[in-house]
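Below: the structure, in structure tokens.
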Amino acid sequence: IIVIRSIDEFRIWRRDIAGSVGLVPTMGYLHQGHMSLVRESRRLDDVTVASIFVNPAQFAPSEDLSRYPRDEARDLRLLDDAGVAVVFAPSVEEMYPVGYDTYVAVEHLTQPLEGASRPTHFLGVTTIVLKLINIVQPGRAYFGQKDAQQLAVVRRMVRDLDVPVDIVAMPIVREDDGVAMSSRNVYLTDEQRAAARVLNRAVSLAERLFNASERDARRIRAAMAEAITAEPLAEVDYISIADAETLAEVDLIDRTVLVSLAVRFGATRLLDNTVLRTGSPGMWPRADGP
């Protein structure tokens with residue numbers, strides 16, 4: 001596998017590439033959720049590029065940048081085995097040189113949900129994603145639904161700025177017990193890891209209530225909250241049922257909605273979500289595939 005660490009070197013490599021290019025942007029410490037994105041790119045694109053970059057701009061000073069899990073050697077083995085052509089793995093100094101002063105802001109979609117407790121997070125996400133797209137010049141870029149608000153924000157940025165790339169959304173990949181795969185799961189104690197199953201139980205409860213014709217979002221939120229608070233190690237950050245396009249909260253489910261939640265287990269904050277469809281699935285993949 002080719003590993004490139006400088007922007008200039010990557011652009012030299014890119015000039016010689018013919019055919020379609022897919023980008024899988026990651027922060028490393030890869031799991032099967034990431035690899036599902038790689039496999040889809042390998043299926044659709046002639047050449048697959050993965051990036052590994054732990055982006056400091058999307059971490060607040062109080063967050064876990066210094067302890068974010070890293071294992072580049074393992075990541076490279078996984079990507080090599082999966083047939084990735086090249087890995088772009090720049091340093092922080094390469095992406096944010098001295099004097100760096102430009103950021104990309106998506107205004108309204110970034111304010112609720114994750115943005116309410118992490119107000120600078122998406123400024124870092126959109127900035128690094130646009131930089132990676134500009135460097136790699138892919139026809140497609142691949143993102144998972146687990147970070148649902150990130151997916152919506154990146155789609156909006158690409159649309160608003162006329163960026164010539166298709167954003168491909170892929171379903172959440174789960175462990176055998178239903179917990180959504182996440183690099184942060186490694187932080188959990190065994191007891192917290194067992195407790196984390198409550199997230200998928202709450203999401204599944206919302207799906208069951210919806211499928212039983214419940215359309216009152218307030219009742220579904222209350223049922224989810226009751227299920228989560230029954231787990232003593234779980235501390236709810238938010239439970240949201242929002243318009244899937246605007247992320248505005250709804251009281252009545254009369255359109256496709258994103259059901260999402262953030263829950264803390266000690267110092268570790270985990271996300272999960274599902275989409276409840278009343279019409280066209282739109283931008284959101286189904287659980288069994290896009």
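What you see is a predicted model, and the numbers here were worked out from it, not measured in a lab.
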Is there a side-chain contact between Met157 and Leu130, using heavy atoms and a 4.5 Å cut-off?
yes

pair Val275-Glu207: side-chain heavy atoms closer than 4.5 Å
no

Which atom names give the shortest non-hydrogen contact between Gly22 and Ser41, and what distance separates them?
CA-OG, 3.6 Å

Can you confirm whether Leu113 sits close enough to Ser260 that some side-chain heavy atom of one is under 4.5 Å from a side-chain heavy atom of the other?
yes

Between Ser6 and Glu94, what is the shortest heavy-atom contact and its length?
CA-OE2, 3.4 Å

With a 4.5 Å limit on heavy-atom distance, are the side chains of Phe88 and Arg5 in contact?
no

Hydrogens and angles aside, do Arg39 and Gln32 bring a side-chain donor and acceptor to less than 3.5 Å of each other?
yes

With a 6.0 Å cut-off (strictly less than), is the heavy-atom count around CG of Asp190, excluding the residue itself, greater than 12?
no

Closest heavy-atom contact between Ala196 and Leu270?
CB-CD1, 3.9 Å

Applying a strict under-4.5 Å side-chain criterion to I, L, V, M, F, W and Y, I'd like to know whether Tyr238 and Leu151 cluster together.
yes

Please check if atom CZ in Arg42 has more than 12 non-hydrogen atoms from other residues, nucleotides or ligands closer than 6.0 Å.
no

Between Tyr103 and Tyr100, what is the ring plane arrangement, given parallel below 30°, perpendicular above 60°, and tilted in between?
perpendicular

If Ile, Leu, Val, Met, Phe, Trp and Tyr residues are connected whenever their side-chain heavy atoms lie under 4.5 Å apart, and connections chain through other members, are Leu44 and Val173 in the same group?
no

Is any side-chain heavy atom of Phe122 less than 4.5 Å from a side-chain heavy atom of Leu109?
no

Ion pair check, Glu114 and Arg269, cut-off under 4.0 Å:
yes

Which pairs with one or both residues in residues 221-230 pass salt bridge (charged side-chain N to carboxylate O under 4.0 Å, His left out), sequence neighbours excluded?
Arg221-Glu249

What I'd like to find out is whether the side chain of Gln149 reaches to under 4.5 Å of the side chain of Asn273, using heavy atoms alone.
no

Do the charged groups of Glu214 and Arg219 touch, with an N to O distance under 4.0 Å?
yes

Charged tip of Arg70 within 45° of Tyr29 ring normal and under 6.0 Å
no

Hey, quick one: are Phe59 and Val129 part of the same hydrophobic cluster, counting side-chain heavy atoms closer than 4.5 Å, chains of contacts allowed?
no

Any side-chain heavy-atom pair of Ile220 and Ile253 under 4.5 Å:
yes

I'd like to know if Val104 and Phe53 are part of one continuous hydrophobic network [Ile/Leu/Val/Met/Phe/Trp/Tyr, side-chain heavy atoms within less than 4.5 Å].
yes

Considering only NZ, NE, NH1 and NH2 on the basic side and carboxylate oxygens on the acidic side, decide whether Arg197 and Glu191 come within less than 4.0 Å.
no

Among Val203, Val263, Val179, Val198, side-chain contact (heavy atoms from CB on, under 4.5 Å) partner for Asp272:
Val203

Set of residues satisfying salt bridge (charged side-chain N to carboxylate O under 4.0 Å, His left out) with respect to Glu63, sequence neighbours excluded:
Arg118

Transitively linked via ILVMFWY side-chain contacts under 4.5 Å: Met95 with Tyr68?
no

Among Asp166, Asp45, Thr48, side chain to side chain donor-acceptor pair (under 3.5 Å) partner for Tyr142:
Asp45

Taking the side chain as every heavy atom from C-beta outward, state whether Gln137 and Arg14 have any atom pair closer than 4.5 Å.
yes

Please determine whether side-chain hydrogen bond (donor to acceptor under 3.5 Å, both in side chains) holds for the pair Tyr96 and Asn55, giving the CA-CA distance in whole Å, both sets of side-chain angles, and the decisive distance to 0.1 Å.
CA-CA 10 Å; Tyr96 299 112; Asn55 178 29; 2.7 Å; yes

